[in-house]
2 protein chains.
Amino acid sequence: MTKYEHVYHDVKDGIKQHRYKIGEQLPDGKTLAANYSCSEMTVKRALDMLVDEGLIARKRGAGTFVKRLPREMNFSHGSASFSHLLGTAANLETAGVKLTTKLISFEVIPADTSLASSLNIESDELVYKIKRVRIIDNKPTTIEETFMPISRIPGLKKQHAEQSIYSYIEGILGLKIHSATLSLSVRKADHEDAKLLAIPVQEPLVVVSQVVYLDNGKTFEFANIKHISESFNFTTHYVRENRKVGVV
Amino acid sequence: MTKYEHVYHDVKDGIKQHRYKIGEQLPDGKTLAANYSCSEMTVKRALDMLVDEGLIARKRGAGTFVKRLPREMNFSHGSASFSHLLGTAANLETAGVKLTTKLISFEVIPADTSLASSLNIESDELVYKIKRVRIIDNKPTTIEETFMPISRIPGLKKQHAEQSIYSYIEGILGLKIHSATLSLSVRKADHEDAKLLAIPVQEPLVVVSQVVYLDNGKTFEFANIKHISESFNFTTHYVRENRKVGVV
DNA sequence: GAGTGGTCTAGACCACTTC
DNA sequence: AAGTGGTCTAGACCACTCT
């Protein structure tokens, strides 16, 4: 563990355990640096992470103040879209939730111009097109339609799609997932959606469209994930000064 | 403008203008530091902001790579909830959109325990309760129900609620808005929602619940903002390593 | 004026990837 | 082995708030 991670965790624990209370001021940078035997820059680095997470606010000339408690990881299977990114299966299962996957279709198609543009590949390059339904605690909850270029994810088989594609990519291929851009909107279920999710036609669905990147900057996935809206919840923080946001 | 802001903007422009192309590698830290006559730490600081915005990926041992272009600020009045935070009126109006506000009610009530807990105040402390409909291009688009403690926002009048509360807070009171936590979910319109937004009952609405903080760490607003779902869109980035997210 | 956080540096040293 | 980014420092100097 790095020094700044240590400071970060320790201060965060301090907030969680009410050693630092909401509304109170933290010790100043010099003092913390002395307490942790590190430089002030390292303290700043650690506290900036807490700012990004929405737990504290720092004000030049005034001090550092506790805004709120860290919230417990609430895997109320709402944020399935997000934990999907983090490796759905593992996260949800350790949370004691039963997740299963139903593979609807697994094809290889040439990318049309729109898809090629999303994936930053040439038109007509071959991509996997995978459609799956995720079932959480015996309730169909999301429909995932995923597109990945064959060239970047070679050797993917049906069997992987029936389990976790992400563990194939990270575990077997040894690639690292770096980041994603997500866009949320709401659409109404068509007949196929309704059938797959066992809901009435026209029910609202939250559609998460995501482009996912590897750590070499290359796109490897474009996906549309439709969530039953009642089991969807998404929380984020917005910090004004640095245009940064943290996710719980 | 600080040095890191300068480097940040210049590299970002370089990406926007295809001087650095998608998939390509940026010059290394030492080189950039020399080019900009600054230290490598300053370059890192600037590039980390671009990482948080989802534009580049940095990989230790390998280099820094361009992921995608900065997206143009698309004020498709979808992200009204977000620009609300940034000072809705100003932003939308400079974007050439006509925004008006209809004040539905303006009361002062004692906070119940749940509200008091959200606002970090004592139960029964007095709060403003303000209900407004936002009308964009002559179309009612959101219903905002806002609660603010009188003690922290003294002197608020109906007239401010009919315009921009945020400019009262920042302009007149001289307070600074620091950050917010947002939570998104979907609900169906009840009779009152339907009437106010001129839509059928049971239409889906996106509900944004937000707690907003001042730069001294104190909560000053809790709000529920209901959006007509068809005009709602929300985009964000997720970066794995540092648990940071940027918003476009 | 005293105290706070923010910027910036020049350089040491380390971790990792790539060849 | 060469080249990349990441961590960390000790300190200078600046900007701001508070009272």
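Chain letters run A, B, ... following the sequence lines, proteins first and then strands; every chain starts at 1. Source: prediction; values computed, not measured.
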ask   = B:I130 pairs by side-chain contact (heavy atoms from CB on, under 4.5 Å) with which of B:E145, B:M148, B:E144?
value =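 The residue from B:E145, B:M148, B:E144 that satisfies side-chain contact (heavy atoms from CB on, under 4.5 Å) with B:I130 turns out to be B:M148.
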For the pair made of [atom1] in [X] and [atom2] in [N], what is the distance, rounded to whole Å?
| X | N | atom1 | atom2 | result |
| --- | --- | --- | --- | --- |
| A:H178 | C:dT17 | NE2 | C1' | 15 Å |
| A:R60 | C:dG5 | CZ | C1' | 7 Å |
| B:D215 | C:dG6 | CG | C1' | 14 Å |
| B:N216 | D:dT17 | CG | C1' | 12 Å |
| B:L50 | D:dG5 | CG | P | 14 Å |
| B:F65 | D:dG3 | CZ | P | 16 Å |
| A:D48 | D:dG6 | CG | C1' | 16 Å |

inquiry  = Salt bridge check, A:E170 against B:R240: does any charged N sit closer than 4.0 Å to a carboxylate O?
reply    =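 Here B:R240 pairs with A:E170 in a salt bridge, since their nearest N and O are under 4.0 Å apart.
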What's touching nucleotides 8-12 of chain C from the protein side, N or O pairs under 3.5 Å?
from, atom 1, to, atom 2, distance (Å)
C:dC8, OP1, B:K3, N, 2.4
C:dC8, OP2, B:Y4, N, 3.2
C:dT9, OP1, B:K3, NZ, 2.8
C:dT9, OP2, B:S39, N, 2.7
C:dT9, OP2, B:S39, OG, 2.9
C:dT9, OP2, B:T42, OG1, 2.6

[X] side chain N/O closer than 4.0 Å to the phosphate oxygens (OP1, OP2) of [N]?
| X | N | answer |
| --- | --- | --- |
| A:R58 | C:dT4 | no |
| A:K59 | D:dC18 | yes |
| B:K44 | D:dG6 | yes |

query = Is B:L103 close to B:R132 at the side-chain level, that is, under 4.5 Å between some pair of heavy atoms?
reply = yes
message = When you compare the side chain of A:L214 with that of A:H178, does any pair of heavy atoms fall below 4.5 Å?
response = no
task = Please tell me which of B:K176 and B:A62 maps to the more 5' nucleotide of DNA chain D, matching each residue to the nucleotide holding its nearest heavy atom.
result =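 Upstream on the strand: B:A62.
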task = Identify, between B:D28 and A:G61, the residue whose nearest nucleotide on DNA chain D lies closer to the 5' end.
result =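 Its nucleotide being nearer the 5' end, the pick is B:D28.
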query = Taking all non-hydrogen atoms of both residues, which atom of B:F234 and which atom of A:T236 are closest, and how far apart?
reply =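 Closest approach of B:F234 to A:T236: CZ-CG2, 4.1 Å.
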query = With distance as the sole criterion, is a donor-acceptor pair present between the side chains of B:Q159 and B:Y168 under 3.5 Å?
reply = no
Expected output: side-chain B:R152 to main-chain B:T219 donor-acceptor under 3.5 Å =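 Yes, because the side chain of B:R152 sits within donor-acceptor range (under 3.5 Å) of the backbone of B:T219.
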query = How would you label the contact of A:K30 with the nucleic acid (heavy atoms, under 4.0 Å): base, sugar-phosphate, or nothing?
reply = nothing
